[in-house]
There are 2 protein chains.
Amino acid sequence: MTTSEGLDRLSALRGTLERSSTAERVADVLRAQVIAGAMAPGERLSEEAIGSALGVSRNTLREAFRLLGHERLLVHEFNRGVFVAKPTRDDVTDLYLVRRALELAALRAAGGADPEAVARVGAAVQEAEDAAARADWWAVGTANMHFHQAVAGLAGSPRTDEAVRRLLAELRLVFHVMAAPEEFHVPYVALNREIYELLREGRTEAAAERLAAYFDAAERQLVEAFDGAERHAPA
Amino acid sequence: MTTSEGLDRLSALRGTLERSSTAERVADVLRAQVIAGAMAPGERLSEEAIGSALGVSRNTLREAFRLLGHERLLVHEFNRGVFVAKPTRDDVTDLYLVRRALELAALRAAGGADPEAVARVGAAVQEAEDAAARADWWAVGTANMHFHQAVAGLAGSPRTDEAVRRLLAELRLVFHVMAAPEEFHVPYVALNREIYELLREGRTEAAAERLAAYFDAAERQLVEAFDGAERHAPA
DNA sequence: ATCAGAGAATTGTTCAACAATCCTCATGTC
DNA sequence: GACATGAGGATTGTTGAACAATTCTCTGAT
């Protein structure tokens with residue numbers, strides 16, 4: 001059966017070389033910019049300015065805007081243009097409400113999870129610890145995102161994966177309201193390690209409790225940051 | 001405070017008159033066609049044919065295709081065109097996995113839910129019972145969708161609402177693999193009534209158990225229908 | 001200071017064109 | 001007869017320009 005095995009190995013690589021449209025590549029660039037905080041929340045994105053800067057036509061750029069609009073990173077106002085999303089306090093509580101539902105369900109279903117999926121959780125924990133050792137706070141944040149993406153992956157559910165990916169991207173926008181967003185994730189690295197070890201021991205319910213505690217703490221911290229920011233600059 | 005109250009009332013109506021783009025209206029038309037089964041799963045949608053039929057340009061039509069692609073009703077293959085999504089058996093289990101996570105979480109959070117949200121659940125139950133009395137099976141299916149949308153609404157979460165709306169639209173596609181999709185929902189009308197009454201009595205945990213039982217039964221029924229269909233027409 | 005309105009700037013949509021890619025089918029080979 | 005190989009046609013991907021519709025800005029009048 002060497003032929004079949006070889007084909008399987010090839011088809012596993014298929015995603016690597018999947019051609020993407022210009023609009024998708026433009027969306028990738030803009031997404032990275034928005035997530036990195038290079039564009040301020042609420043800022044308007046001019047079609048002509050960005051189109052000429054990136055060397056794509058308005059039509060193509062508008063397709064990219066639509067893509068990011070569906071990820072809630074940009075908001076499209078009819079006849080007014082597209083703006084970088086400006087998350088509110090309510091968005092934070094909503095994001096955490098959905099994260100709780102999806103990630104906890106994924107973690108609780110981890111009993112019959114693929115060992116590779118569990119390994120990815122461990123890899124993300126290690127990645128965060130390494131980044132913390134280098135004092136690379138941005139990388140710690142990225143690793144923390146990978147951790148939660150890996151937790152969601154325990155469900156083995158494509159739709160859960162995609163939904164959580166979108167939620168986490170949106171969350172990175174939220175972090176920019178914090179005074180020191182870089183350090184937000186640092187205290188949670190140890191907790192992630194703890195969750196992973198419990199998961200590996202098969203104590204999924206205990207792991208879920210720790211994860212729920214993380215959600216509560218992180219949400220409260222973000223909401224407080226919002227209340228502080230809004231007191232300084234009311235709407 | 002009459003001014004403030006008046007403004008509140010107006011802003012509640014804002015959604016009604018929100019202008020929509022041509023692409024969105026085109027997407028509405030196509031969505032209705034796909035959901036109603038007017039286009040077979042796997043069928044290719046030609047840009048020129050549909051564009052000229054609807055009297056819109058290719059660019060606008062492509063925007064509409066993108067919208068429906070994000071709802072997973074259409075799949076876009078690069079350089080090949082867009083096709084009506086063709087759900088598989090795995091899609092069914094994945095859809096129910098995510099529905100379980102979101103709808104059960106919403107129902108369990110119904111303790112502090114808005115009384116209006118609870119009332120909408122009751123209204124959907126009534127709608128289904130009325131349709132069943134008329135033997136209007138398609139309307140029963142629609143009412144069942146409204147029921148689950150209303151259950152999701154108990155969370156008071158915009159993101160949950162949107163996610164469930166997408167899942168349910170996708171599910172309507174799945175129903176078309178059944179031999180008699182019209183009658184699928186009928187047995188569940190009574191169960192929906194039971195869930196609603198438990199919810200109204202505040203026995204949310206008992207209601208959640210019934211809802212979980214519904215998911216199990218409906219998922220199994222659909223998976224079996226798939227296995228039967230695939231035996232007749234293997235991939 | 002507020003309001004109205006003219007003009008500029010921007011978005012919404014269409015059209016036409018061309019490049020890139022895929023599909024079909026006839027042809028030739030084994 | 002089964003299968004590979006191209007040639008040609010059809011379809012999608014992307015661009016640029018054009019015009020309509022809407023919003024924004026700034027001036028001037030009250």
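Labels below follow one simple rule: chain letters A, B, ... track the order of the sequence lines, proteins then strands, and each chain is numbered from 1. Computed from a predicted structure; not experimentally measured.
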Going by the rule side chain to side chain donor-acceptor pair (under 3.5 Å), which residues pair with [X] if we only count those two or more places apart in sequence or in a different chain?
X	answer
His70(A)	none
Asp28(A)	Arg31(A)
Asp94(A)	Ser157(B), Arg159(B)

Checklist entry - Is the ring centre of Phe83(A) less than 6.0 Å from the ring centre of His76(A)? => result no
Return the set of residues passing salt bridge (charged side-chain N to carboxylate O under 4.0 Å, His left out) with [X] (not counting sequence neighbours), or none when no residue passes.
X	value
Asp136(A)	Arg134(A)
Glu162(A)	Arg72(B), Arg166(B)
Glu48(B)	none

Next on the checklist: Can you see if the side chain of Ser21(A) gets near the phosphate of dG13(D) - specifically, an N or O under 4.0 Å from OP1 or OP2?
Outcome noted: no
Next on the checklist: Less than 4.0 angstrom between a side-chain N/O of His76(A) and OP1 or OP2 of dG12(C), yes or no?
Outcome noted: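 For dG12(C), OP1 or OP2 has a side-chain N or O of His76(A) closer than 4.0 Å.
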Next on the checklist: So, using ring-ring contact (aromatic ring centres under 6.0 Å, His included) as the criterion, who are the partners of Tyr188(B) when residues are at least two apart?
Outcome noted: Phe184(B), Tyr214(B)
Check the interface with nucleotides 7-10 of chain C: list each N/O to N/O pair with the protein under 3.5 Å, or write none.
{"residue": "dT10(C)", "atom": "O3'", "partner": "Arg44(A)", "partner atom": "NH2", "Å": "2.3"}

Next on the checklist: How many whole angstroms separate atom CZ of Phe78(B) from atom P of dT21(C)?
Outcome noted: 8 Å
Checklist outcome for this item: Expected list for residues 49-66 of chain A near DNA chain D, using heavy atoms below 4.0 Å, is Gly55(A), Val56(A), Ser57(A), Arg58(A), Asn59(A), Thr60(A)
